[in-house]
Structures are given as structure tokens and as C-alpha cells.
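Bear in mind the structure is a predicted one, so any value in this text is a computation, not a measurement. Lettering follows sequence order; numbering is per chain, from 1.
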Amino acid sequence: MSRADATDQEERRFDPAEIEPRWQQRWDDEEVFHIEDGAEDPSYVLAMFPYPSGEMHMGHVRNYAITDAFARYKRMQGEAVLHPMGWDSFGLPAENAANERDVDPRGWTMDCIAAMKEQMNVMGLGFDWQREVTTCEPEYFQWNQWLFREFYEEGLVERTETELNWCPGCETVLADENVNTENNVEICWRCDTAIEHRELEQWFFTITDYAEELYDELDELDGWPENVREMQHNWIGKQEGASVEFELTTGDSVEIFTTRLDTIYGATFFALSPGHDVAQQLAEEDDDVAEYIHRVEHADEEEVDETSGVFTGEYATNPATGEEIPVYVADYVLADVGTGALYAVPAHDDRDHAFAQEHDIPIRQVVEPTEDADVDPENVDVQEQAYTEDGVLDLGEIEGSSDERTESDGVLVDSGEFDGLDSAEARERFVEAFDGEFRTAHSLRDWCISRQRYWGTPIPFVECPDCGYVPVPEDDLPVELPEFIRTTGNPLDAAQEWKTTTCPDCGGPAQRETDTMDTFVDSSWYFLRFISPELDDAPFDSEQATDWMPVDQYVGGIEHATMHLIYSRFFTKVLDDMELLDGIREPFENLLTQGMVRKDGAAMSSSTGNVVSPAPFVERFGADTGRLFMLNAAQPEKALDWTEEGAESAHAFLQNVHDLVARYAGGAIDTRDAEAADGDGGTIDEYVAREIEATVATATEEFEAFRFNHALQAIRELASLLRRYVDHTDPDEGTFERALSTVARLLAPVAPHVAEELWAHLGRDGLIAEADWPEADEPAGYETARLLVENTREDVRDIVGVAGIEDPSLIEIAVAPEWKHYARQQARDLDGNVVGQLMGDEWLQRHGEAAADYAKALAGEGHLDEQLPPEREYEALTRAVWLLEREFDAEVVVSEPGEAPEDLAAKATPGRPGIQIEE
RNA sequence: GCGAGGGUGGCUGAGCCAGGCCAAAGGCGGCGGGCUUAAGACCCGCUCCCGUAGGGGUCCCUGGGUUCGAAUCCCAGCCCUCGCACCA
């Protein structure tokens, strides 16, 4: 290669460092990503907004590469697109940073935001920055306070004393959702410190009021992944059962909750959780009880035996039998499950069984399997092991049954007048019989939103010695944060001046509430603020929000499956009920949880140093390469392994396409005019043209389904075809130009900078980001023709290989004669004696022996798929002649139907042309 | 324990929902060839076994079943990942 050539090639490469900022500037100047208020029902594409740590990691890049590609794709399709970004900027790390260095949380946070925004811009992410939302700004959090007030008015705010998770490390209360369990020890999700339990008075949102709807509507969230819905199901934990009162010899009436009311006749003892009020009362009089409660409350979980418990000396009356059964306090009864009290049926519950054995309590069977049940009643020995089948058969799941009812496979015994009743029915009947009530219980707890921290939204309440807790009047909002004070406790508590105020009700001296809100409050409605970020008299524009919501596509990490995604659903329902929305019950129509970014098979983690940082990568390869690699390497929801080779391959591909376009634009590729060509149908140009159409069809379908990797595979194949096209012949000007502009546009959502560059090389005006997405249907018979060509090439290779033909000089190809196609077509519709019926055909009879043989072959084939008629086969093969010529360096002749040498045509069948190769 | 999702050729990874054109795409790796002074890039093949004309055999975790036909559907088992879990 001469030096001049080398220089040319140099020039045909693009330099990411040069082109990327240039196009970013253009997009910005022309407000490509801005969407006007009032746009009608845009596509709302949203990535979960980040906590601004100051450092973008690959997980972020992947998240935003996905939403940006989708948003850009939708925009090119002519849709209005809302693709905003903001900052979940309240939270503990800012405060920690402030304590560690000499900075204030606000300044630190703002610096981080600036840094991350810069990194996002470097990645070429197309956000509408005019809609940027920052939760730590009073313009935002005043609406948290406003909404808190509204929730309070609606009766959704409670202040209660409860046992709460307390993290000594963070010095704050934690929601159940923020507590992880590791080796049976409950630890803080942030700092891994073992958590303690403390009785404290806190602010709650009564999310449990919505438990039922939050649970039931999961079934309708078809656009959500199954695992997320399942996690929410588990989290909300719905149980349908009944509550019944038991009278105790203490004089108390204790309510229990059970899902197995049918087993009440088998209750042989009664158990209270150590935290139960009645247990606490008993402890005051009974030292044994007091001692037991003290012991289990101060022991680690694994130290307490599961069957531990203490007899209280009291009895409870079983409303079914009238019997008096002993009352125990037992640790296995949990205070926050059901009512914290239960009647125990050792015969039909494993834990009750274990407890009964330990404490020598009788075990009485009251349910046995019916005759149709899977279990033989003879094999049930409840003295040995509890029989826990709940007696519900789902007939809908039994093969051959269309019955959707459930029916019992358990039947009552030793249950007085109810013997013989089935379990399911007993559960219904007993509710009335024993004066209980049906009840649906959920394991979802109310949402504790109090945090004893500084860097959050102040809860807009004042504590007055005379009036109690009084909400701050709307006109006095926002309650802003005072200056940060370094202290071991809550900085707000130390801010004396700020704290001191007057009571809005009586005007007397009062103190501000020093708790701030859980930051999940901020993120529970931020997607609504994006709709009207500047609005200053309401959190969002209700009319526009009703039009723009729900978010069409939400993308983020699986770690938010329960907390953020349940809270946001809760908020949306409340806002709808408050008529701030009109009929929007769910915030996110479609949810995609993107997979992890891994390296060497392990999660990227800064603590182990197993990371690839975006910044140096972009410096080396450019943003487009990173984005392409991310979207190309795996489906969005699957884990992605970061590999050097993959990144290089992505970069090479982009350089390649750029090289091709630049060569064309620079006049280095000779093209010819289609008019001058033969145009007899079946040319190489037509082959390429059909591939363009097919690629567009595939790419569009795959983009729509978020399978970017599939779309990119098709695009890569087209690009590869174009290189071979140029290599083989002088391409047709029109076809080639169309092909290149198509590749550029299909690539634009994924590698937007390079695509702009290509667009400019092709001499197009305007930005590719605003160009029209190409439209095409798959050409008629494309798949069948593709297979025909593929199989034929395969066959030629086989023959050459197996026959040991060193250097083929002529390859003759002939399609099957018309009568074979006809016979095959007939055979497709025939049953029974195919040969007989075919040979009854007059036309086929004329082909004698050959037709009979072929008819037999057809009969033996079973299924016959569709094939192209002879003329179409001929055209498809003719279009592909160049591929064979290239591969075998031989003359290739395809005979027209009916013109082929007889022996060659005789070997051919539809979909399988006859082939003759000469050395 | 309950629930969800998986197990595909050297690796990675499509296909499975809508059974046949599936010895099973693409990528990576490996092998051979072309282009080139050379390297890179690019191009053409091969990469389960056997076969001197397009053939045959075995194959998609294991074992059964449905079907003319199963990687795809059904049942059972084994293994992996994740979520929930002393939930009355």
C-alpha cells in the first residue's frame, strides 16, 4: 500500500473525539430532544433517575443506552417523545460526604450533578434537559410537603408508635424494605450494620389502605416482567381467611386470624406472641411469663428454639367445642403476622405440631383426605406428622376439566355436627357459625417515611405543647432546610433557631418536626413532575399528566422491584383518587428491568476493583462504540459480559461502515446507472434491494420489541453484504445509495454520532436524529427464496467437497419442471392415498414413470412446505448467481424453466434445483 | 418450604410462546484459503461423526409421553439462578 493510500484510509476513519462533541452541540442547538407542552400523547420513555454519586458507571450507561435508543427510534418514526432526566438527589451519601470532608451536602450534591450531567452529555444521551428535575431543590420538595399535607387531609398519614428497625450506623429508622437478612441477621441495606429494634413514634403513609388494589392489579400489568410481579405479590402477601374471637380466663377477648378455620375443632392450645398486649399484661403478674418474654426479646433469632414457649396458667374457650384450651406465650407466633395470636391445631400445622410434641399437648385430627385425594387416609398419621393439605383442589388445573371452581379434597372428621363437610365449605360455614368475619390480611406494612436525617424533605409539621402536631399551612411552604451542622445526631434537631417557631393554630411557641422524609417519597411521583417541571401552583399539570401518562416504557434495575415500584403505584392511585389525575391507576405501562453489566462473569463492583469505567473507555473508543457494544452483546434484560473483544468488534464495525460510506462519498467507488444495466430481472442489484427491504422490516420489528441485539445483527449482515457488493461489481448508484442511507438510519438510535456523520457524507440535509425511519415490508416470498438460495449454495459446497472437485469451471443449475411443482402443490392438499390420487391426474400421467416416482416421494415426505413457483425460483437463483461466482470462481448458468437440459431438470425438485458441476 | 426464571454444539448465545424448511442463526475462539513485499483490515470456506455428486448417523440436562413428525408441546426427575419465608 502506498503512503497516499494509507493517508486516504486514515481519512476514512472517524475520530470519536472530534465528531461526538460536534454533533452533541448540533442536537443541543437545534433542541432535537425537547418536547413542547401540549404535545399530544407522546411516547413517554423513562429511565430511572439516578442518585447523583458524581460517577457514572456502566450500569447507568446501559440503562440510558436502552432508553435513548428507543426514544430516538420512536422520534424517527415521527412520534412526539418525552425522554427526560433528573436527580434523585436527597439521601445519606451527601450527608456522609459532608461529615467526612469539609463540605455541605448541598454543594457536594450540586457538584456531583454537574459531573454526572457532563458524563451523560459525553455519551450523547438525548434527554430533554429543559425538563430536568432535582429533588433536593425547594422547587421540587415543596411539592413533597404539599402532597404530604394532602395525604394528611385524606387520612393517609398516621403518627404511631411502633417497633421499628433502627440502624445504629446511620442513626436512623429504616423501612422493612431497607432491611436485608444475611445469615439470619438483619442488616442495614446501606451500611450492613446489624439493625436494632426500637419503639418510636414515627410518620406513616397508610399504604395498606391500598394493599388490595396494589395486589389485584398486578395481574393486569401485562407489560411488566413476571418476576417483578411475583416479587410484589410476595411482598404484599395477600391471605384470605377469617377472624374469630376467643374468650380467655383472664377476661380478655382475643381476636385471631386464620386461613384454616375448617380445623378449629382440632385446636388443642392457644398461643400469643410475646409482644401481644395480653401477653404483656400476663407478664406483669407471672414471673415465668415475664422471664420468657424478656429472654426472647433480647436474644438473637437463632438462639431461640422454635418450639420454645411458656404456659400462662390461663385458658381460652374454643368457640367451636366449648373446650378450654391452655394459653401459651410462644416465640414462633409473630407479633406482626395476623393478630399476633392464634389457636393452634397440631394435627394440621407443622409448627403447631412441633410445639405440641415439645410440650406434650394432645394432637387431634379433624380433617382427612377425601376418596379422590392423592393421599390415602390410611397413610395419614397426625401423631407423627401434621397433615397440612389445605383441601383445595383447583379443578381448572386438572386436565380435561373446564370447571373453574375449586373443590375440596379434605373432609371434616371429629368436628361435631359438621363431620363429612368438605374443608372449603367448612371455612365458609364456620365464619357464621362461630361469629367471625371474613378478612383479607396482607403482609404489607404501612410505609414509615420518617428519617432522622438532615438531607431530605422536612416533614411540614409543627409540634405545639397545646395543640399537638399541627400541619404547616400551605402558604408557609416550603419548609426549607437550615444550614447543615456537623453533629452525631440529627442535624435538624441541633438547628435550634430553625426548630423554634410558632404554632399555626394558637400562635404560641412551638417546635418544628425534625424528621425528614424517606427519599422514596421523592421518587414516587417524579415522573409526573417531568410533565410540567416549571409549574409553580401545583405539583404537576393534571390535564397534561392525564394525557401523557402512564409512562409508556420504564427502564431500570431489578433492585427497585418492590420499594420504588410499589410506592410509585401507591402514589399514582392516591393522586387519582384525589382527582389530581383522571383515571390513571398505574404509572408504568411497560417495565423493562435491565440486566447487570458484568466483567469476567462477576458483577462490576468498585469494592473489588472489577470495573470498567465509562470515561476512559469513551476516550479510547468513543461513546457510540460503548452504546453499540452494550446493545449488541445481549438482550436488555439479560446480564451482559463486558469483553475487550466485544468492544473492539463494535468499534471495528462502526469504522467499517464509516469507511464504506466515506469511500462512496469521496468518489472512490465507481457506480453505474441502473438504466444502463440489463434489467432483465434477477440481477445482483435486485438481490441487494430485497435485502435492504428485509433488513428494514426485521430491524423495525426488533426495535419495537426491545431486541436491539437482533436488529443489530440484521444491520451488520446488510453492511457486510454491501462490502461484498462493492467488492464484486460496480454497484448500481440508486440501490447503493439507498442501502447506505438505510444502514445509517437503522444505526442512528444506537450509534447516533457516527450516523450523523454518515448522513452528512451522504449529502443529506438536516439531522439524522430527525430523519424519517425507513419503512419497508419483507419482500414477497423472501424467506422461501432465502432458504432456496442458502440450500443451493450449501448443496454446491457439499458436492464440490464430497466429489473432490478441485477447481470447478462451470456450475449449471436448473429448477424443477412445472409438472413437479404442480404435483407438489396438489399433494399439499391431499390426504390418504396420495400416489393414487396424483396419478389420477391426466397431466401427471403423461409424465409416466418419473411422475409416479415423484408422487411416491411426495407421499413419503409427510409435511410439504410452501415453495416458490418455477419462475420465482429461477429469479431467486439468478439474483444469487454472483454469490456462487464469487465463492467458486466458476461460470454459473441458471437455465430458465423449461429450457434446462432434461437430465438436469429431472434431478430437480421444487425448492431443490438440479446441479451439475464441471471441473 | 413456597414461588418465578433457566439448563442448546469449544465458549457465548438465538431458536422454544404459534411443532416440520433445525446439525440448530450471529459473535468469539480455532483451522484452511484469497488479497498483500509483509502485517493489519477485508474477503471465501471449514469447525459432531462417516461419505470421491447434494447422502447417512448421532444430537439441544435425564427419563417417559403426545404426534406422521419434538430443541420446540405434556408428565416425572436432576441441576442452576433469583425472590419470599417461623405468614397462622
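Of the candidate nucleotides C44(B), A88(B), C42(B), A88(B) has the atom lying nearest to any side-chain atom of Q239(A). Nearest to the side chain of R724(A), among A14(B), C43(B), G45(B), sits C43(B). In this structure, the nucleotide among C22(B), G15(B), C84(B) sitting nearest to the side chain of W235(A) is C84(B). In the set C42(B), C86(B), C22(B), C22(B) carries the atom at the smallest distance from any side-chain atom of L787(A). The listed nucleotides are C43(B), G26(B), A88(B); the one nearest the side chain of E717(A) is G26(B). Here the nucleotide nearest the side chain of E226(A), chosen from C44(B), C86(B), A4(B), is A4(B).
Inspection of the S243(A) and R439(A) side chains reveals an N or O donor paired with an N or O acceptor under 3.5 Å. Residues S308(A) and Y292(A) have side chains that bring a donor and an acceptor to within less than 3.5 angstrom of each other.
Spacing of C1' atoms, A25(B) relative to G77(B), comes out at 32 Å, to the nearest Å. Taking atom P in both G33(B) and A14(B), the straight-line distance is 34 Å, to the nearest Å. When the P atom is used for both U72(B) and G3(B), the distance is 24 Å, rounded to whole Å. For the P atoms, the distance from G32(B) to G40(B) is 14 Å, rounded to whole Å. C22(B) and A70(B) have their C1' atoms separated by 11 Å, with the value rounded to a whole Å. For C78(B) and G30(B), the C1' atoms lie 33 Å apart once the distance is rounded to whole Å. Atom P of G6(B) sits at a distance of 14 Å from the matching atom of C61(B), rounded to the whole Å. With C1' as the reference atom, A24(B) and C59(B) are 10 Å apart, rounded to whole Å.
In this structure, NE2 of H728(A) is placed 21 Å from P of C42(B), rounded to the nearest angstrom. What separates NZ of K238(A) from C1' of C2(B) is a distance of 18 Å, to the nearest Å. Counting to the nearest Å, the P atom of C42(B) and the CZ atom of R716(A) are 11 Å from each other. Distance NE2 (H442(A)) to C1' (A88(B)): 16 Å, rounded to an integer number of Å. When rounded to the nearest whole Å, the span between CD1 of I558(A) and P of G5(B) equals 13 Å. In this structure, the CZ atom of F629(A) is 11 Å from the C1' atom of C28(B), given to the nearest Å. Distance, H353(A) NE2 to A88(B) C1': 17 Å, rounded to whole Å. Distance CZ (R445(A)) to C1' (C84(B)): 14 Å, rounded to an integer number of Å.
Salt-bridge annotation for D659(A) and R663(A): present, with a side-chain N of the basic residue lying under 4.0 Å from a carboxylate O of the acidic one. Ion pair R229(A)/D219(A) not flagged as a salt bridge, since none of the NZ, NE, NH1 or NH2 atoms sits closer than 4.0 Å to an Asp/Glu carboxylate oxygen.
A 3.5 Å limit on both hydrogen-bonding distances identifies no Watson-Crick or G-U partner for C60(B). The nucleotide U36(B) finds no pairing partner, because no Watson-Crick or G-U wobble arrangement with both distances shorter than 3.5 Å includes it. C46(B): Watson-Crick or G-U partner is G30(B), with both key distances under 3.5 Å. A4(B) is paired with U81(B) under the Watson-Crick or G-U wobble criterion, all donor-acceptor distances under 3.5 Å. Across all strands shown, nothing is found opposite U52(B) as a Watson-Crick or G-U wobble partner with both distances under 3.5 Å. Across all strands shown, C73(B) forms a Watson-Crick or G-U wobble pair, both distances under 3.5 Å, with G65(B).
The cationic group of R364(A) does not satisfy the cation-pi geometry with Y265(A), failing either the under 6.0 Å distance to the six-membered ring centre or the 45° limit from the ring axis.
The phosphate of C44(B) (OP1 or OP2) has no side-chain N or O of R793(A) nearer than 4.0 angstrom.
Within 6.0 Å of the CD atom in E297(A), the count of heavy atoms belonging to other residues, nucleotides or ligands exceeds 12.
Between the side chain of N318(A) and the backbone N or O of I264(A), at least one donor-acceptor pair lies under 3.5 Å. Remark: side-chain polar atoms of R707(A) are not paired, donor with acceptor, to backbone N or O of Q635(A) under 3.5 angstrom. Checking side-chain atoms of R445(A) against main-chain N and O of H442(A) turns up a donor-acceptor pair under 3.5 Å.
From T208(A), atom OG1 reaches atom CD1 of I236(A) across 11.5 Å, with rounding to the nearest 0.5 Å.
Within 4.0 Å of R439(A), counting heavy atoms only, lies no atom of the nucleic acid at all. Contacts of V333(A) with the nucleic acid, taken as non-hydrogen atoms under 4.0 Å apart, include base atoms. Using a 4.0 Å heavy-atom distance criterion, R229(A) is classed as making no nucleic acid contact. Residue-level contact check: E887(A) touches the backbone only, with heavy atoms under 4.0 Å from sugar-phosphate atoms and none from bases. Backbone-only engagement by E230(A) is indicated by non-hydrogen atom pairs under 4.0 Å involving sugar-phosphate atoms exclusively. Using a 4.0 Å heavy-atom distance criterion, H233(A) is classed as making no nucleic acid contact. Among the heavy atoms of the strands lying under 4.0 Å from T258(A) are primed sugar atoms or P, OP1, OP2 only; no base atom is included.
When each of F355(A), F246(A), Y343(A) is checked for a ring pair (Phe, Tyr, Trp, His ring centres under 6.0 Å) with F269(A), only F355(A) meets the rule.
Between A341(A) and N656(A), the residue anchored nearer the 5' end of RNA chain B, judged by the nucleotide with its closest heavy atom, is N656(A). Judged by closest nucleotide on RNA chain B, Q635(A) is the one of Q635(A) and R797(A) placed further toward the 5' end.
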So if I define the base as every atom that isn't primed, P, OP1 or OP2, how would nucleotides 51-57 of chain B read as a B/S/- string at a heavy-atom cutoff under 4.0 Å? BSBBS--

